[in-house]
Structure formats: C-alpha cells, structure tokens
Novice: 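I'd like to ask you about the structure that follows.
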Amino acid sequence: MKRTLIFVCICLLAGSMSDAQQNAPAPSPIAPQAPPPPPAGPSRPTAPAQAVVPVPVPIAPPKPNGPVQKSLVRITATSVEPDYKAPWNSGGIQRGVGAGFVISGNRILTNAHVVSNSRYLTVEREGDPNKYPATVQFVAHDCDLALITVSAPDFFKNMLPLKFGGIPALESTVSAYGYPIGGERMSVTTGIISRIDFQLYTHSSIDQHLAIQISAQINPGNSGGPVMQNAKVVGVAFQGYSGDVAQGVAYMIPTPVINRFLKDISDTHYDKYPDLGITYSKLQNPAQRRFLGLKDDDRGVLVSTVVTAGPSAGFIQPGDVLLAIDDHPIASDSNVELEGERAEFQEVVERKFNGDSVRLDVWRNKQPITVTIKLYTPWPYVVQAHRYDVRPRYVLYGGLLFQPLNLDLLEAYRPTDLRLRHFFEYFVVEQLYLQHPDVIVLTNILPDAINTYLAPYRGGIVDEINGKKVRTLDEVANAFAETPERFVIRMIGDGPPLVLDRNKVEAARERIKARYNVLKEQNLEEQPVTKTPEQANKT
C-alpha cells in the first residue's frame, strides 16, 4: 500500500500520461516499479526523479513457546453441586469449561476446580471434532491441581507432552493459553510476572501456598491452562480478581507446587499438605523483643497458639519464639531465605510430605532449645475448608434437619447468629473441636403438625439430647434410635429446651418423607470425623 501511494504522487508531479499509460495494469504491491517515461512533446520543467524505496513486509516471529496446540486440550465437565438445604437430593447439575495440557505418561494436568464434583468429563484436541470421555486419576483440592487421562487408544497420538521450567523472574514475559469465554478455539494472552508471594487458594478457601501474580488476562475457561515461558510451563492458570475489587490481577500455580503434587502422587495416593498446626505473630517491635530476652538481630516469630490435634503439640508451646527452621534463620517478619528468594518460613514445611520431619530452633523462657517434629495434616482444618466429591452428612428426625457445621453449610444458609459464626471462626484457634468434633446445627425444619412453633430454634447448636452431651453426628443418630417417651434437646446458650414426642414423630415419619420427597433420613458415612483429638496426637 505504501509503494502504491508513492507511485501516484510521482505521476501527478510528472504531468499527463498517455492513454496507453493510463490503461496500463496497476503495479504490484510487493515488487517496486520503475518510474514512467516523460510524455512526448515540447520540453518542460519536471520535478526531480524520486527513487521508490521498498518497504519490507513484516514477518511474524516464530512462536516463542512452540506448537502449544499439540499439547493443549479443552475440558468440558458436567458436575453435580451438593444441596445442603435438602441433602437427600442429588443436587443441581452444572456444566463448565476449562483447559488442561498433556504432560509425560499420557496424563493431562488441570485445576481441581475444573473437575470437582464432576459426573462426566470430555476433552477435545485442537483440530479434532471428537469429544473424548476422560476420567480423574488424582485430585488435590488443597492446591487446586488434578490429573485426568483418556482411555481412547489414539488420543495421545501426535500430542506433545510439555516440560516444566522454574520460577520466572519478576517483570519477565509469560503467555497464558486456554479456552476463555468469547470463542471456541485456543486463546493466548501475554503479560509480565508482577508478584511472587504466598496467597490464599480460593478453591479450598483455607490453604495458602506459593502463587505468582501475572498481568495476563485470566478468564473463565483459562483455568487449568499452561502459563509458558521459553517453551516450558512455568505455571498453571487458576484464579484472579473480577468486578470492582481489582483489574488485571490474575494468578498462576508455580512449578514448585506442581512438582510437589506430582511427587506426592508417585505412590498412587495423594496425602495432602502437612502443617505445623500453629499460629504466630511477627516480632518486629523492639520493646517486645527486649521483654522476651531476644537479641537485637531481627530474628524470630512468636507462637500464639498450638493446635492440640496438630504435630507441634507436645513440642511447641504458646509463647515460644521460633528462631530457625531446618537451619534457615527466620526473620522477624516471618520470612526465610530459600534458593536466593525470601519466602514465608512455612514454605519449608510446604515442600515436605506427611511423615517427614522438620527441625526448629526455639527460644523458650529465655533459653535456646531444638525440637524435631514429625509432620502430618491436622484434621480440624477441614471444617473451615470447602469440601468436594462428597455428599453432605445429616440426620433428619421429626422434620428437623441436623447437620455438622462447615464452610459449605455456612455459604448455603448464610446465618446471622453470632454464636454460630464464633464456633466456625474459632473452631481451631480456641480448640473448640476438643468438646465438639462435630458442631451439630439445627439447620432446617420441614413444617408438620408435630414440629409447629419450633422456628426460633433454627440455627441453634445442639448441646444435649436427653441429658447426654452430643459431640458428633453419629451420637445424634444413636440418640434418636433409642425409645424414650420424649426427646429433650438442649441448645448451647440460654432458653428452654426443644421437646419432641417420640410416638408422634414415628407416626408422622412416612408422611413427612412423602411430603418432602425424602429418600433417605440419614447420611453418616461419606464425610465422617476420622479422628478424635486424642487419636490425632498419637499419629
């Protein structure tokens, strides 16, 4: 186009053209043309000849990450979300789309939230019209990663497994691949590495791991896709902010977390992340450091609480100061030096597995000591995390629905009772699980003549049934299996007890089940409390 415009300008300056010249074919936009000869006739002044400078045609640079299309897959998941308000129902059916990519061993890596609660999975390859059924091999909800595979014999033919790189440098460029909203084919967005830090993984809503913030756009459908640099995977796209919270803030799961997941499942079982089971505070205040007898060396964090069901119980005490972990000095802002980078000292534990040991240098009563702790996963944290691929536990009796407190229950009912919120928020920190391994809540009432005027008890926490303390959902089921004249149910707090006439309840049982389409009155086994605190301490 630029050459054509130059040629027209030269013609206008040169004067009129002959008819033959006017009817000549247009010049090629690629090859430069010689200027036309001057017209016949008397000599007249003409503009000086101008050379036509050829403009190079831009050539697209080679793909920086290779033929990613041969590694990327589109995942379609049909899932069933549990119904906590009517847990005897199967739940609502949903459909979602995500991405994944092929790695060694004919495996496909993706996010756990792409395949969670799924009942049917299909994957698609670029340029292939077929949808291939897939199955989940491993899923890690605490770090939002999963492996799936396809049994079709020819699916992985001509597919290229991707290799992993390291942690990319700040301000370096990366590319995110996936199938976000807005089209059916592969999409690629480019951005820079803007932050490397510990972040909350929203899939579980309780686990914090290393995460990398990128400026590339991450939208629904990008989840599970590779983030690449120099033809290697440096992360898996998994979450971002939306709406008015922030703009252009997205995160990827870095390769240390990915490699740990792949190593954990190498024994064909995923064992989850271990945890020290403590809370702590930073020690940057000089007066506080002097009070504890610490040197002015800017080292150490103060232990606030120790979870009785965690591995630190019996080794660490509230008031201890942690000075070093596995010979890595802990700074007063809780960071350590790892592989040339500063990271939360918990990252040392993050890289270990259940059964591994960690050594801590501790300052206790103004004296140094060293302790060695065998790591495992404390069970009470599951109450504060999202649960997937399980049916809710419940007991229905006399139209009264009793369920154990957990995060999914709170999000389903959104209660405003402050006592219930307190039991959830401080379940671990205040060791409430010692008396209430299950916090049993009267969540719902199916109206019937036998349970009229009981609405004020909805949302209450069960303390006793017929004078016996209630600790677990199994104990609720056992209490209602007895045959007293009536059931006296006391809630935590002030107020009169809730009373049910057993004979009237038994007479109404089939009526209530038919009216509300209740297929099963109990579910106790699919989400059990696996360990008491005493058992956990012996692990």
Novice: For a ring pair (Phe, Tyr, Trp, His ring centres under 6.0 Å) with Y433, tell me which candidate from Y381, W379, Y426, F424 qualifies.
Specialist: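 Among the candidates, only W379 passes.
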Novice: Locate the shortest heavy-atom distance separating V97 from R95; write the atom from each residue and the value.
Specialist: CG2-NH1, 4.4 Å
Novice: Which atoms form the tightest heavy-atom contact between G224 and N111, and what is the distance?
Specialist: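 Looking at all heavy atoms of both residues, the shortest contact is N-OD1, 2.7 Å.
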Novice: Could you walk me through whether S187 and Y179 pass the side chain to side chain contact (heavy atoms under 4.5 Å, CB included) check?
Specialist: CA-CA 6 Å; S187 167; Y179 296 92; over 6 Å; no
Novice: Provide the closest heavy-atom pair for N354 versus P274 in the form atom of the first, atom of the second, distance.
Specialist: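 Nearest pair, atom of N354 first, then P274: OD1-CB, 4.1 Å.
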Novice: Strictly by side-chain hydrogen bond (donor to acceptor under 3.5 Å, both in side chains), give each pair with a member in residues 252-265 just once, sequence neighbours left out.
Specialist: R260-D264
Novice: Could you go step by step and tell me if D197 and Y251 meet the side chain to side chain donor-acceptor pair (under 3.5 Å) rule?
Specialist: CA-CA 10 Å; D197 200 1; Y251 293 94; over 6 Å; no
Novice: Verify ring-ring contact (aromatic ring centres under 6.0 Å, His included) between Y84 and Y394, making sure each step is shown before the conclusion.
Specialist: CA-CA 9 Å; Y84 277 81; Y394 68 95; over 10 Å; no
Novice: Considering all heavy atoms of both residues, which atom of D389 and which atom of S116 are nearest to each other, and what is their separation?
Specialist: OD1-C, 3.8 Å
Novice: Kindly indicate whether the side chain of F101, heavy atoms from C-beta on, has any atom under 4.5 Å from the side chain of V73.
Specialist: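 SC-SC contact between F101 and V73 ruled out.
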Novice: Is the number of heavy atoms from other residues, nucleotides or ligands under 6.0 Å of E341 CD greater than 12?
Specialist: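 No.
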Novice: In terms of heavy-atom contacts, does CZ of R119 have more than 12 from other residues, nucleotides or ligands at under 6.0 Å?
Specialist: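 Atom CZ in R119 is crowded, with more than 12 foreign heavy atoms closer than 6.0 Å.
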Novice: If you measure only the distance, is there a donor-acceptor pair under 3.5 Å linking the side chains of H269 and D271?
Specialist: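 Side chains of H269 and D271: pair found under 3.5 Å.
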Novice: Quick one: closest heavy-atom pair of P404 and L409, and the distance?
Specialist: O-CD2, 3.6 Å
Novice: Mind checking what makes side chain to side chain contact (heavy atoms under 4.5 Å, CB included) contact with E475, not counting sequence neighbours?
Specialist: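 E475 satisfies side chain to side chain contact (heavy atoms under 4.5 Å, CB included) with R471, T472 only.
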Novice: Pair L519, N517 - check side chain to side chain contact (heavy atoms under 4.5 Å, CB included), show working.
Specialist: CA-CA 6 Å; L519 303 178; N517 195 30; 4.0 Å; yes
Novice: Who are the side chain to side chain contact (heavy atoms under 4.5 Å, CB included) partners of E337, not counting sequence neighbours?
Specialist: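 In terms of side chain to side chain contact (heavy atoms under 4.5 Å, CB included), with neighbours along the sequence ignored, E337 is linked to R342.
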Novice: Taking the ring of F261 and the ring of Y273, is the distance between their centroids below 6.0 Å?
Specialist: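 Ring centres of F261 and Y273 not closer than 6.0 Å.
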Novice: Counting only heavy atoms not in I93, do more than 12 sit closer than 6.0 Å to its CD1 atom?
Specialist: no
Novice: Quiz question: by atom type and distance under 3.5 Å, do the side chains of H209 and Q199 form a donor-acceptor pair?
Specialist: no
Novice: Taking all non-hydrogen atoms of both residues into account, name the closest pair between I253 and I258 and its distance.
Specialist: O-CD1, 3.6 Å
Novice: Could you tell me whether the side chains of N406 and D408 share a donor-acceptor contact shorter than 3.5 Å?
Specialist: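 Distance-only check fails for N406 and D408.
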Novice: Taking A99's backbone N and O only, do any of them form a donor-acceptor pair with T110's side chain (distance below 3.5 Å, no angle check)?
Specialist: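 Yes, because the side chain of T110 sits within donor-acceptor range (under 3.5 Å) of the backbone of A99.
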Novice: Inspect the surroundings of NZ in K272 and state if more than 12 heavy atoms from other residues, nucleotides or ligands are less than 6.0 Å away.
Specialist: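 At most 12 heavy atoms, drawn from other residues, nucleotides or ligands, come within 6.0 Å of this atom.
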Novice: Could you note down all residue pairs passing salt bridge (charged side-chain N to carboxylate O under 4.0 Å, His left out) where residues 64-78 supplies at least one of them, sequence neighbours left out?
Specialist: R74-E124, R74-E184
Novice: Compute whether any side-chain donor of one residue and acceptor of the other, for Q94 and S79, lie under 3.5 angstrom apart.
Specialist: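 Their side chains do not contain a donor-acceptor pair, so the 3.5 Å distance test is not met.
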Novice: Measure from the ring center of Y516 to the ring center of W88 and say whether it is less than 6.0 Å.
Specialist: no
Novice: Report the C-alpha distance between E347 and V336 in whole Å, list the side-chain angles of each, state the deciding distance to 0.1 Å, and finish with yes or no for side chain to side chain contact (heavy atoms under 4.5 Å, CB included).
Specialist: CA-CA 9 Å; E347 174 68 11; V336 296; 5.8 Å; no
Novice: Go through the structure and list residues passing side-chain hydrogen bond (donor to acceptor under 3.5 Å, both in side chains) with Q229, not counting sequence neighbours.
Specialist: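 By the side-chain hydrogen bond (donor to acceptor under 3.5 Å, both in side chains) rule, Q229 matches S172.
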Novice: Less than 6.0 Å separating the ring centroids of F345 and H328?
Specialist: no
Novice: Has Y201 got a side-chain atom pairing as donor or acceptor with D144's backbone, closer than 3.5 angstrom?
Specialist: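 Absent.
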Novice: Could you walk me through whether E126 and R185 pass the salt bridge (Lys or Arg N to Asp or Glu O under 4.0 Å) check?
Specialist: CA-CA 8 Å; E126 191 80 13; R185 304 195 61 181; 3.5 Å; yes
Novice: So which pairs with a foot in residues 133-158 pass ring pair (Phe, Tyr, Trp, His ring centres under 6.0 Å), sequence neighbours left out?
Specialist: Y132-F155, H141-H203, H141-Y388
Novice: Just checking, any donor-acceptor pair under 3.5 angstrom between side chains of T149 and Q137?
Specialist: no
Novice: List the steps and the verdict of side chain to side chain donor-acceptor pair (under 3.5 Å) for T189 and Q217.
Specialist: CA-CA 6 Å; T189 55; Q217 292 295 320; over 6 Å; no
Novice: Indicate yes or no: does R509 engage E521 in a salt bridge with an N to O separation below 4.0 Å.
Specialist: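 Here R509 pairs with E521 in a salt bridge, since their nearest N and O are under 4.0 Å apart.
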Novice: Any side-chain heavy atom of V227 within less than 4.5 Å of one from V233?
Specialist: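 Answer no - side chains too far apart.
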